Amino acid sequence: MVDTMNDKWIHACSVQDVPENGGVCVKVADLQIALFHFKRRGEWYATQNECPHRHQMALSRGMIGSQGDEPKVACPFHKKTFSLKTGECLSGDECAIKTYQVRVDDDQVFLSITDDEL
Amino acid sequence: MKIIIVGNGMVGFKLCEKLVAKSTKSLDLIVFGEEMRPAYDRVHLSEFFNGKSAEELQLAPSSWYADKGIELIIGDPILEIDRKAKSVRSYLGRVAYYDYLILATGSAAFVPPIPGIEKAGVFIYRTIEDLVLMQSWAPKAKTGAVIGGGLLGLEAAKAMIDLGVCDTHVIEFAPRLMPRQIDDAGSSLLQGKLESLGLTIHTSKNTQEILGESAISGMQFQDESILPVDMLVISAGIKPRDELARACGLEVGPRGGIVVNQYMQTSDHHILAIGECALYEGMIYGLVAPGYDMAEAAVSTLLGLEKTFQGFDMSTKLKLIGVDVASFGDPFVTGNDAHTIVFEDRNKGIYKRVNISPDGKELLGGILIGDADQYNMLLQTCKNKVVLPPNPEDILLGARGGEHDGGAGVTSLPDEAVICSCEAVSKGDISSHVLEGAATLDDIKKCCKAGTGCGGCVPMVKDIINHTLKAQGIYVRNVICEHFEFSRQELMDLIRLHDLRSYDEVLTVHGQGDGCETCKPLVASILASLWNELILDKGNDTAQDSNDRFLANIQKGGTYSVVPRIPGGEITPDKLIVIGQVAKEFNLYTKITGGQRIDLFGAHLSDLPTIWEQLIAAGFESGHAYGKALRTVKSCVGSTWCRFGLHDSVSFAIQIEERYRGIRAPHKIKGGVSGCIRECSEAQSKDFGIIATEKGWNLHVCGNGGSKPQHALLLASDLDSETCIRYIDRFLMFYIKTADPLTRTATWLNKLEGGMDYLRNVVVNDSLGLGAELETEMQSLVDNYVCEWKAAVENPAFRKRFSHFVNAPEEKDPTVQFDELREQKMAKAWK
Ligand code: SRM
Ligand SMILES: Cc1cc2nc3c(=O)[nH]c(=O)nc-3n(C[C@H](O)[C@H](O)[C@H](O)COP(=O)(O)OP(=O)(O)OC[C@H]3O[C@@H](n4cnc5c(N)ncnc54)[C@H](O)[C@@H]3O)c2cc1C
Ligand code: SF4
Ligand code: FES
């Protein structure tokens with residue numbers, strides 16, 4: 001599935017490193033990216049780790065879940081929630097968070113990050 | 001009756017849906033669509049870039065049309081209408097005959113005739129195909145621009161950012177953004193917000209030429225400035241698709257659009273036009289809700305029903321790149337026709353403007369930016385001419401000093417008030433559905449589709465449901481959240497009955513959806529209260545709040561605090577020294593807490609296991625300062641030293657703290673033991689407080705500090721130690737089993753019918769015959785206790801989770817920063 005030769009896809013960790021239905025933080029150069037294994041839906045998501053509310057590097061430690069069909073993460077600090085699909089803030093008027101594409105290939109997890117972000 | 005619909009866009013589809021729903025006879029209906037796929041949700045087109053697939057955007061699958069007996073022909077546009085023969089001819093040569101023809105051909109992007117606009121790298125933003133083209137170009141692009149700072153242009157700009165084109169510019173010809181919806185002040189605030197998100201905004205800028213060889217390399221403006229860009233999206237307005245109508249001689253407007261009357265009839269009454277191609281009273285409605293209203297009117301015309309199109313309010317609310325923007329009624333009136341009230345908070349990025357009739361009675365319109373929570377209420381107040389409160393500014397700011405919300409709640413709306421404008425559902429419609437048995441939001445969505453469009457009305461729909469139910473004297477069930485239709489107590493019984501041990505099992509068996517931050521910790525706490533198994537086990541760790549998941553309280557900046565248990569507040573000098581050594585080694589701020597123990601603040605996540613390993617080696621265990629669990633049992637020094645002490649309050653406090661340590665409850669629990677009535681441990685402010693008497697112990701329960709302090713009440717007096725513990729067992733277990741989530745014992749008692757007398761009957765007189773059961777349950781929790789920090793540090797799999805970076809576990813979060821404070825450190829203030 002994945003063209004690992006394509007330098008856009010960056011290796012993050014292996015599937016076992018990520019708790020089921022939870023997240024971890026991946027370091028990519030100076031970026032911090034929250035990676036979530038949404039086991040219940042068989043989906044993977046990645047977003048920026050920083051919560052835009054108080055600029056805390058914490059989203060990877062948040063609880064994931066759904067609002068209607070929308071998969072979301074709640075920041076551990078003040079429970080602002082963000083869509084994992086679009087990054088949109090679902091509570092209050094915080095600005096949206098960045099989302100990244102995730103690929104899983106042969107038990108390894110990859111993130112798609114453009115060169116100019118690095 | 002043979003009906004042909006040309007155009008399978010949003011409005012064309014809505015017409016199919018409404019025709020099928022309203023028609024009593026079977027229909028002979030053919031739909032021609034030019035695009036390669038059945039109708040999809042254009043309003044949420046941008047979500048395509050956030051991973052929503054073309055299938056997910058579809059309004060209905062092809063099979064839906066077949067099921068309803070509709071013949072859907074896609075990828076084959078109609079080229080010609082023969083009004084005499086009443087037939088249409090398609091690109092592939094199909095000819096079909098109609099009694100009624102409906103044109104729902106929508107609109108196309110208006111592309112201004114700028115030289116060079118045909119160059120590669122210039123896009124429009126209307127169909128999924130347009131987006132696919134942008135997607136394949138974007139990876140090569142570094143700088144992007146959008147021509148047009150209206151609603152669609154800003155959405156296109158957001159899409160570019162999503163595509164990874166970080167340096168994106170918006171070029172607007174007018175002096176402000178969204179010139180049709182908002183005023184200068186609003187635009188300048190919005191501009192500030194968008195710029196802080198990385199967009200560059202240029203207003204009053206007129207593009208003269210697109211530069212570049214075959215592909216775009218820059219834009220030249222009338223003021224002679226040049227902006228180098230390698231990708232451009234044109235979003236300068238829309239052009240109704242009236243070419244078919246024009247060619248067959250139907251009346252069209254001077255600036256385009258097929259002229260229709262309130263029955264949606266064109267100048268040929270056998271041909272109707274709806275949606276963005278239709279011109280009603282000189283106006284093209286570029287939004288989907290009026291299009292749906294037109295579809296409803298067309299159905300009426302076709303089936304001989306009443307409803308006609310009466311024009312439509314262009315009020316809108318949307319979220320642009322995370323910023324709420326709304327305008328309603330007449331946002332711009334000024335001068336003698338209106339008094340304007342403006343509220344502006346540049347700090348938070350909020351701008352609100354309302355225009356009020358000169359007599360102060362009526363709301364004429366307004367603008368909300370940054371916070372549009374009041375949109376629905378204001379829109380309804382405006383549309384229904386609800387009389388304003390005596391101080392009209394209350395509708396913006398809320399009544400200050402009083403109890404009311406400015407008097408504009410759902411109750412004040414008339415039954416005709418349209419609540420869901422996408423589906424044209426009124427307050428009266430919703431209440432009558434509720435009276436007929438639709439008691440939840442989902443029921444309402446199913447029976448009248450209210451809330452299924454943009455979703456903006458959902459909070460009001462919910463209010464109306466609750467309000468109607470309450471007015472009927474119907475008990476509104478206290479359910480946990482959208483994922484569990486139970487109260488905490490019901491769910492606890494079900495979990496016990498089915499012997500469920502993990503959050504995931506509970507959700508699968510008793511819930512729906514994927515859970516959320518409300519039900520996850522609640523279920524995790526119930527599981528812990530029932531079984532007292534390790535809270536990090538069975539995948540339950542990710543169902544815990546951050547504090548429970550990492551067995552420590554999260555602090556400003558993302559570090560954690562460490563609170564070892566110091567039962568009864570008694571500690572040996574050796575242990576004190578270890579705390580000091582650990583704090584020094586890991587550079588932690590130390591403080592004596594209000595709970596008679598020591599808190600060590602500012603620990604990095606990855607240091608927690610090592611810190612605890614050292615503390616455990618010195619004989620400490622977890623203090624559960626992070627859990628909804630027993631915190632401290634405060635003691636006074638008591639009879640061992642104090643000249644007034646009646647019994648050994650320290651020993652009893654330690655015994656009790658060690659008995660209940662680690663037990664999870666709906667909220668935290670605190671205790672106290674005082675050696676005499678002087679009450680130096682403040683036991684009467686605790687969830688359970690014990691005070692020594694000449695003959696034994698007095699047991700007080702349900703006290704609380706916090707924001708609403710409440711003294712504990714006497715439950716029983718002169719108890720021996722054993723009976724006292726038995727009563728606390730029963731009391732705590734009864735609380736754990738029956739309290740609502742996050743309810744302290746004091747609040748629980750205040751809500752308990754029968755109050756203290758009832759509680760005393762249950763606990764002391766065993767009126768429910770539950771005494772023995774409660775004691776057994778408590779004993780099993782006590783027997784199952786292990787220090788969870790010990791379990792965590794000894795288990796390599798758990799231990800591994802305590803690192804900030806999964807792919808660099810030895811590195812700490814470089815963004816964590818401290819300041820200095822009285823020879824210790826403190827968390828850096830947050831931005
Ligand atoms: C550390 C401490 C303050 C101190 O430096 O002295 C403290 C710190 C916090 N308290 Fe407290 N409370 C502390 C004693 C108290 C006391 C006094 C006491 O226990 O005798 C009270 C009033 C008594 C009571 O609870 O009835 C108290 C009433 C609260 C409340 C209000 C509870 C209520 O029923 O309204 C909260 C909020 C909550 O729990 O929802 C709270 C919440 C908090 C939290 C957990 C806030 C949070 O979620 O981050 C603070 C965590 C700090 C941290 O990072 O560790 N803290 N807090 C005290 C720790 C005691 C201990 O050793 O465990
Ligand atoms: C990116 C974007 C965001 C938007 N956001 C919002 C929003 O937030 N809120 C809102 O209210 N509105 C929004 N809109 C506007 C909304 O999408 C339109 O108002 C709505 O789609 C109009 O529906 P329609 O059926 O009239 O036209 P369309 O949805 O455009 O459908 C017309 C269909 O007819 C087809 N067609 C044309 N000619 C022929 C022919 N000769 N033969 C066969 N088929 C033909 C076209 O290919 C098209 O598929 C947005 C639009 C876009 C592009
Ligand atoms: S009183 Fe407030 S600020 Fe002080 S520790 Fe308790 S929760 Fe924190
Ligand atoms: S820091 Fe994330 S919600 Fe406050």
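Since we're looking at a predicted model, the values are computed, not measured. In what follows, chains are A, B, ... by sequence order, proteins preceding strands, each numbered from 1.
With a threshold of 4.5 angstrom between heavy atoms, Lys52(B) does not approach chain A through any atom at all. Contacts of Phe550(B) with chain A are made by side-chain atoms alone, with heavy-atom separations under 4.5 Å and no backbone atom involved. When heavy atoms are compared at a cutoff of 4.5 Å, Ser803(B) does not approach chain A at all. Residue Glu88(A) touches chain B through its side chain alone, counting heavy-atom pairs closer than 4.5 Å. Neither the backbone nor the side chain of Gln101(A) comes within contact range of chain B; no heavy atom of the residue lies under 4.5 Å from a heavy atom of that chain. Neither the backbone nor the side chain of Ile161(B) comes within less than 4.5 Å of any heavy atom of chain A. For chain A, the nearby part of Gln544(B) is the backbone; its heavy atoms alone come within less than 4.5 Å. For chain A, no part of Ala797(B) is nearby; none of its heavy atoms comes within less than 4.5 Å. Residue contact with chain B, scored on non-hydrogen atoms closer than 4.5 Å, involves the backbone and the side chain of Thr86(A) alike. Neither the backbone nor the side chain of Asp162(B) has a heavy atom closer than 4.5 Å to any heavy atom of chain A. Residue contact with chain B, scored on non-hydrogen atoms closer than 4.5 Å, is absent for Lys98(A).
Under a 4.0 Å N-O distance rule, the pair Asp514(B)/Lys72(A) does not qualify as a salt bridge.
Ala74(A) pairs by the side chain to side chain contact (heavy atoms under 4.5 Å, CB included) definition with Lys79(A), Thr81(A), Glu517(B), not counting sequence neighbours.
Contact record, Lys27(A) with Ala808(B): CD-CB, 4.3 Å, taken as the closest heavy-atom pair. For the pair Gln56(A) and Gly557(B), the tightest heavy-atom approach, listed with the atom from each and the gap, is OE1-N, 2.6 Å. Of all heavy-atom pairs between Cys516(B) and Ser66(A), the closest is CB-O, 4.2 Å.
If you check the side chains of Thr815(B) and His55(A), you find no donor sitting under 3.5 Å from an acceptor.
Between chain A and the residues Phe49(B), Tyr560(B), Tyr503(B), the largest count of heavy-atom pairs under 4.5 Å involves Tyr560(B). Put simply, of Ser60(A), Gly23(A), Gly62(A), the one with the most heavy-atom pairs under 4.5 Å next to chain B is Gly23(A). For chain A, the option among Glu47(B), Lys556(B), Lys800(B) with the highest count of heavy-atom pairs below 4.5 Å is Lys800(B). Put simply, of Ser83(A), Gly87(A), Ala96(A), Gly68(A), the one with the most heavy-atom pairs under 4.5 Å next to chain B is Gly68(A). Options Thr542(B), Val816(B), Ile554(B) differ in how many heavy-atom pairs under 4.5 Å they form with chain A, and the most are formed by Thr542(B).
When atom types are taken as modelled, the side chain of Asn807(B) and the backbone of Cys13(A) share no donor-acceptor pair closer than 3.5 angstrom. At distances below 3.5 Å, at least one donor-acceptor pair connects side-chain atoms of Arg61(A) with backbone N or O atoms of Gly558(B).
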Side-chain donor/acceptor pairs under 3.5 Å, residues 29-39 of chain A, sequence neighbours excluded:
residue, atom, partner, partner atom, Å
Gln32(A), OE1, Asn49(A), ND2, 3.1
Gln32(A), OE1, His804(B), NE2, 2.8
Gln32(A), NE2, Asp813(B), OD1, 2.9

- Going through the distances and angles, do Asp504(B) and Glu20(A) end up as a side chain to side chain contact (heavy atoms under 4.5 Å, CB included)? CA-CA 10 Å; Asp504(B) 235 34; Glu20(A) 290 178 0; over 6 Å; no

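Note that NZ of Lys85(A) and CD of Glu56(B) are 4.5 Å apart. Values are rounded to the nearest 0.5 Å.
With a 4.5 Å cut-off on side-chain heavy atoms, Pro521(B) and Met63(A) count as touching.
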